[in-house]
Amino acid sequence: MKFFVFLGFSQALLCAFVCGHHGGPHDDDHDHDGHQHNNKPEAFHKVSTATLKLYYNIYYKLAADHHLDNLPLSPLSIAKAFALLSLGAKSKTLSQIHEGIGFNKSTISEDMIHKSFHKVQNIFKQLKSGLELSSSKVYIDSKLNVLKKFLDDAQKYYQSDVMPLNFEKPEALEQINSYVEKKTNGKIKAPLDNIDPMTDLVITNTIFFKESWEHAFNVDHTREEDFHVDENTVVKVQMMSRKGEYLTGYIPEAGCTFVEVPYKGNTSAIFGLIEMGKMNDPKKAFQNMPEEAYNKAMKPSFK
């Protein structure tokens, strides 16, 4: 199994998304709790595809108003939160949540959606790296009566505890912010500055990553270079460099050159540089890149 943290940059674009490749003898959909094979690996692929499309839609809406800013996002966290929320939805609301994530209910069942997200959880558990996907936590209005099935399914599929909370009290804000700060090792402090007293539910989900490169960059080789924010803007930044063998490749469908830089363990960062002629439409470039094209293009190269 190999896990990729993808970093693509162009026009000050720093986008982050995650996708997993679960290979080997357990390449079918496997229930690690009951050791039952579901024989539906396509469901996991549909979840991965829908998650990436959700990322594109969210990122480019935000980028329209922040076109010179870096916008690191975790599409998996966003999709997972909505999928968890769908456990408590029915009828039109349920359909709208699934459609919003990008699921076609005629090709994937509600049960397989939740099982696929559960499989993602198991993949993260097996990673030998500094990547931690903590369980989501659901805070729900203490005045509401929550069905036991929702509590059980939230824990079963999403490893998420459901905690009653009085959102009208100031302690609620402090408790949620404290939880997020703890789960991100102090990197994210006070993500919420207020809670509407009409709030019924808050879902939190955190991802924390800290790992060393498999082959460290020599600090003495770091130097100031030009970084092209866009076709008309150039800024000076500190850039790392080293020589070594890396997987690299050019993918015509995306108009993009990629390089994999491995971390220790089984995690890699993938950097993509879109060629100048296609920088005006990075969304189209990435959406036109099929996974098989990436796997075929990447070859060992000494850089």
Is there a path from V146 to I97 through hydrophobic residues (I, L, V, M, F, W, Y) whose side chains come within less than 4.5 Å of each other? yes
Out of V138, D152, L84, L201, which residue meets the side chain to side chain contact (heavy atoms under 4.5 Å, CB included) rule with V162? V138
Which of these passes side-chain hydrogen bond (donor to acceptor under 3.5 Å, both in side chains) with Y158: K137, H114, K80, H118? H114
Inter-residue atom distance Y250.OH - C256.SG, 0.5 Å rounding: 8.5 Å
Minimum heavy-atom distance D226-M239, with the two atoms named: O-CE, 3.3 Å
For a 4.5 angstrom cut-off between non-hydrogen side-chain atoms, does F217 reach H221? no
Euclidean distance, E110 CD relative to S95 OG, rounded to 0.5 Å: 9.0 Å
For residues S160 and S136, report the shortest heavy-atom separation together with the two atoms involved. OG-O, 2.9 Å
Any side-chain heavy atom of T206 within less than 4.5 Å of one from V180? yes
In Å and rounded to the nearest 0.5 Å, what is the CG to NZ distance from D153 to K148? 9.5 Å
Does Y246 reach the side chain of P262, with side-chain heavy atoms less than 4.5 Å apart? yes
Are L85 and L54 connected, step by step, through hydrophobic side chains (Ile, Leu, Val, Met, Phe, Trp, Tyr) whose heavy atoms are closer than 4.5 Å? yes
Which value, rounded to the nearest 0.5 Å, describes the distance between L76 atom CG and Y55 atom OH? 13.5 Å
Look up atom CZ in R242 and atom NE2 in H215, then write down how far apart they are to the nearest 0.5 Å. 6.0 Å
Can you confirm whether I176 sits close enough to L165 that some side-chain heavy atom of one is under 4.5 Å from a side-chain heavy atom of the other? yes
Answer yes or no: is there a side-chain heavy-atom contact under 4.5 Å between L247 and P300? yes
Tell me whether S86 contacts the main-chain N or O of A83 through its side chain, where contact means a donor paired with an acceptor under 3.5 Å. yes
Looking at every heavy atom in both G186 and K189, which two are closest together, and how far apart are they? O-CE, 3.2 Å
Between the main-chain N or O of L192 and the side-chain N or O of N177, is there a donor-acceptor pair closer than 3.5 Å? yes
Honestly curious: do Y139 and I195 fall in one hydrophobic cluster under the side-chain, below-4.5 Å linking rule? yes
In this structure, NZ of K264 is separated from OG1 of T267 (nearest 0.5 Å) by 13.0 Å
Is L144 reachable from L151 through a run of hydrophobic residues whose side-chain heavy atoms are each under 4.5 Å from the next? yes
Check: N104/S106 side-chain N/O donor and acceptor closer than 3.5 Å: yes
Atom NZ of residue position K105 - does it have more than 12 heavy atoms of other residues, nucleotides or ligands inside 6.0 Å? yes
Nearest atoms (heavy-atom pairs only) where L173 meets N194: CD1-N, 3.9 Å
Are Y157 and K115 close enough, and set up right, to give a side-chain contact (heavy atoms from CB on, under 4.5 Å), and what steps lead you there? CA-CA 6 Å; Y157 294 116; K115 286 182 177 179; 4.0 Å; yes
Contact check, side chains of V237 and E224, non-hydrogen atoms, under 4.5 Å: no
Tell me whether L62 shares a hydrophobic cluster with I101, the cluster being built from Ile, Leu, Val, Met, Phe, Trp, Tyr side chains joined at under 4.5 Å. yes
Could you check if a side-chain atom of S77 sits within less than 4.5 angstrom of a side-chain atom of I207, using non-hydrogen atoms only? yes
Is the ring pair F271/W213 parallel, tilted or perpendicular, if the boundaries are 30 and 60 degrees? tilted
Ignoring hydrogens, what is the shortest heavy-atom contact between G102 and A50? Give both atom names and the distance. O-CB, 3.8 Å
If you apply the rule side-chain contact (heavy atoms from CB on, under 4.5 Å), what do you find for D200 with F167, and how did you get there? CA-CA 8 Å; D200 288 330; F167 295 115; 5.7 Å; no
Exceeds 12 heavy-atom contacts within 6.0 angstrom, atom CD of Q96: yes
Is it the case that over 12 heavy atoms from other parts of the model lie below 6.0 angstrom from the CZ atom of F82? no
